[in-house]
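What's counted below: heavy atoms across the whole structure, side chains too, no hydrogens, waters or symmetry copies. None of the values given here were measured: they were computed from a predicted structure.
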Amino acid sequence: MEGPGVYLIKEKLKFLKGKIPIAVSGNTRENKEIIVGKKLLDVKSFGKRLIFEFDSFYLIIHFLMYGSLRINEKRKNKKERISIKFKNTELNFYNTSVKILKKEDFIYDPKIDIMSRDFDKIKAKEKIKNSDKFICDIILDQNIFAGVGNIIKNEALFMAGIHPLSICKSIEEKLIDKLIDSILSFSYDFYLLRKTNKSLKEKLFIYGKKFCRICNSKIKLKYTGEKKRKSFFCENCQKLFYSIF
């Protein structure tokens, strides 16, 4: 799950603010029982993390690549990572990681959160300009673009006309600006589509496609970068920037 999806979940769960968990279960090894009987002060999101705020600690749910949430419903033949019961609501999380941290041990930085109005474009630009990594890796770095997943990566690179295997410090400055704007604008569109229950497929230009919408050439698919994530790209419309050093 990507940042826009987690942000939407946060909005959906805001009604639980002020409620008190009455039971908890699941196969997480964290000391989950600590939340029972404690008032939920707030529900927040940060990148791919959903954050439940209590008096002196946070319960942090990271959705990883395939995490999901069911409300008042369970998945068949699947054990919950954590299940939280309120008076009239049950939250069941699957394929996630769970952490309980003291508030002083967790720092939320809105300047790197793609769903935050305080996202720092200048800081992100400097990270790209000074990196000798592939751009496909930098975009997925959660310490630079918290909330970006593989769909956003592919779409933003296509919108900016940049090949995923371009070396960061070789990319034209104006295209770096365009890339960052594309990440933020597509993320917001992603959120709006999910919020209105519309299909994301209508918005996708490159991810999972076979032919380029611009030039109609065949789209390439390769597993790129350090983590070998799927990259869809058009060799005609996305420029490959090599290192000049």
Side-chain angles (χ1 to χ4, degrees), residues 1-15 43-50 61-78 81 89 91-96 113-117 119 135-136 139-140 142 145-164 178-225 227-238:
M1 186 180 295
E2 307 196 25
V6 180
Y7 188 88
L8 182 58
I9 290 174
K10 179 258 297 190
E11 288 191 332
K12 288 182 177 180
L13 298 183
K14 278 290 187 180
F15 75 96
V43 183
K44 305 175 181 179
S45 69
F46 175 39
K48 297 182 180 184
R49 300 177 180 91
L50 184 68
I61 312 290
H62 195 303
F63 283 86
L64 306 173
M65 289 178 64
Y66 302 110
S68 64
L69 165 66
R70 298 287 178 90
I71 302 176
N72 296 328
E73 179 186 1
K74 292 181 180 289
R75 291 178 59 180
K76 292 183 178 179
N77 303 316
K78 186 73 175 179
R81 180 69 68 206
T89 306
L91 307 180
N92 296 308
F93 294 91
Y94 300 91
N95 299 318
T96 60
D113 187 347
I114 60 170
M115 297 305 296
S116 170
R117 294 180 179 179
F119 184 87
I135 189 63
C136 62
I139 293 179
L140 290 175
Q142 299 301 298
F145 295 102
V148 169
N150 214 37
I151 295 177
I152 296 174
K153 178 201 80 175
N154 279 277
E155 292 297 316
L157 284 171
F158 181 74
M159 292 164 69
I162 301 172
H163 193 290
K178 186 175 182 180
L179 175 61
I180 295 171
D181 287 339
S182 297
I183 289 172
L184 300 180
S185 64
F186 181 80
S187 296
Y188 185 68
D189 289 342
F190 192 152
Y191 156 75
L192 288 179
L193 286 169
R194 289 285 191 244
K195 186 174 184 177
T196 54
N197 294 315
K198 294 181 179 179
S199 174
L200 182 62
K201 290 183 179 181
E202 299 175 2
K203 184 67 179 179
L204 299 180
F205 276 80
I206 193 81
Y207 188 84
K209 305 297 182 180
K210 293 184 178 180
F211 296 96
C212 178
R213 284 194 179 187
I214 296 177
C215 69
N216 205 38
S217 61
K218 190 172 182 179
I219 288 173
K220 302 290 184 180
L221 169 59
K222 289 185 179 181
Y223 290 84
T224 62
K227 295 184 178 180
K228 301 298 180 184
R229 300 291 301 278
K230 280 185 179 180
S231 285
F232 297 87
F233 56 93
C234 174
E235 291 183 322
N236 290 332
C237 298
Q238 291 174 257

- Smallest separation among heavy atoms of S182 and A160, with atom names: OG-N, 4.2 Å

- Item | Non-hydrogen atoms of T224 and C136 that approach each other most closely | OG1-SG, 3.5 Å

- Task: Applying salt bridge (charged side-chain N to carboxylate O under 4.0 Å, His left out), name anything that partners K74, two or more places apart in sequence or on another chain.
- Result: E80, E90

- Are any of the side-chain heavy atoms of L69 and N92 separated by less than 4.5 Å? no

- Any donor-acceptor N or O pair under 3.5 Å, side chains N154, K230: no

- Query: Can you tell me how far CG of N216 sits from CG of N236, rounded to the nearest 0.5 angstrom?
  - Reply: 10.5 Å

- For residues K220 and Q238, determine if any side-chain heavy atom of one lies less than 4.5 Å from a side-chain heavy atom of the other. no

- Shortest non-hydrogen pair, T96 vs G67, comes out as CG2-CA, 3.9 Å

- Note on the structure: The reported gap from CZ in F190 to CD1 in I183 (rounded to nearest 0.5 angstrom) is 14.0 Å

- Side-chain heavy-atom pair M65, N150 within 4.5 angstrom cut-off: no

- Nearest non-hydrogen partners of F211 and K218, listed with the distance: CD2-CA, 3.9 Å

- Message: Going by the rule salt bridge (charged side-chain N to carboxylate O under 4.0 Å, His left out), which residues pair with R75 if we only count those two or more places apart in sequence or in a different chain?
- Response: none

- Item | Note, V6 side chain near R49 side chain (heavy atom, < 4.5 Å) | no

- Note on the structure: Applying salt bridge (charged side-chain N to carboxylate O under 4.0 Å, His left out) to K10 and not counting sequence neighbours gives none

- Message: Could you tell me if the side chain of S231 sits less than 4.5 Å from the side chain of K153, heavy atoms only?
- Response: yes

- Task: Could you tell me whether a side-chain N or O of E2 sits under 3.5 Å from a main-chain N or O of K48, the two making a donor and an acceptor?
- Result: no

- Query: Distance from I180 atom CD1 to S185 atom OG, nearest 0.5 Å?
  - Reply: 12.0 Å

- What pairs meet the side chain to side chain donor-acceptor pair (under 3.5 Å) rule with one or both residues in residues 200-212, with sequence neighbours excluded? D189-K203

- Query: So, do Y7 and D113 sit near enough that their side-chain heavy atoms are less than 4.5 Å apart?
  - Reply: no

- Item | Point-to-point distance, once rounded to the nearest 0.5 Å, from OH of Y94 to CG of L64 | 16.0 Å

- Message: With heavy-atom distances below 4.5 Å as the criterion, would you say the side chains of L157 and I206 are in contact?
- Response: no

- Item | Validation row: L140, R229 side chains within 4.5 angstrom (heavy atoms) | yes

- Residue Y188 excluded, over 12 heavy atoms near OH under 6.0 Å: no

- Is the F119-F145 ring centre distance short of 6.0 angstrom? yes

- Atom NZ of K12 and atom CG of L50: how far apart are they, to the nearest 0.5 Å? 12.0 Å

- Looking at residues at least two apart in the chain, or sitting in another chain, which of them share a salt bridge (charged side-chain N to carboxylate O under 4.0 Å, His left out) with K14? D42

- Item | Qualifying residues under side chain to side chain contact (heavy atoms under 4.5 Å, CB included), relative to F205, sequence neighbours excluded | E155, F158, R213

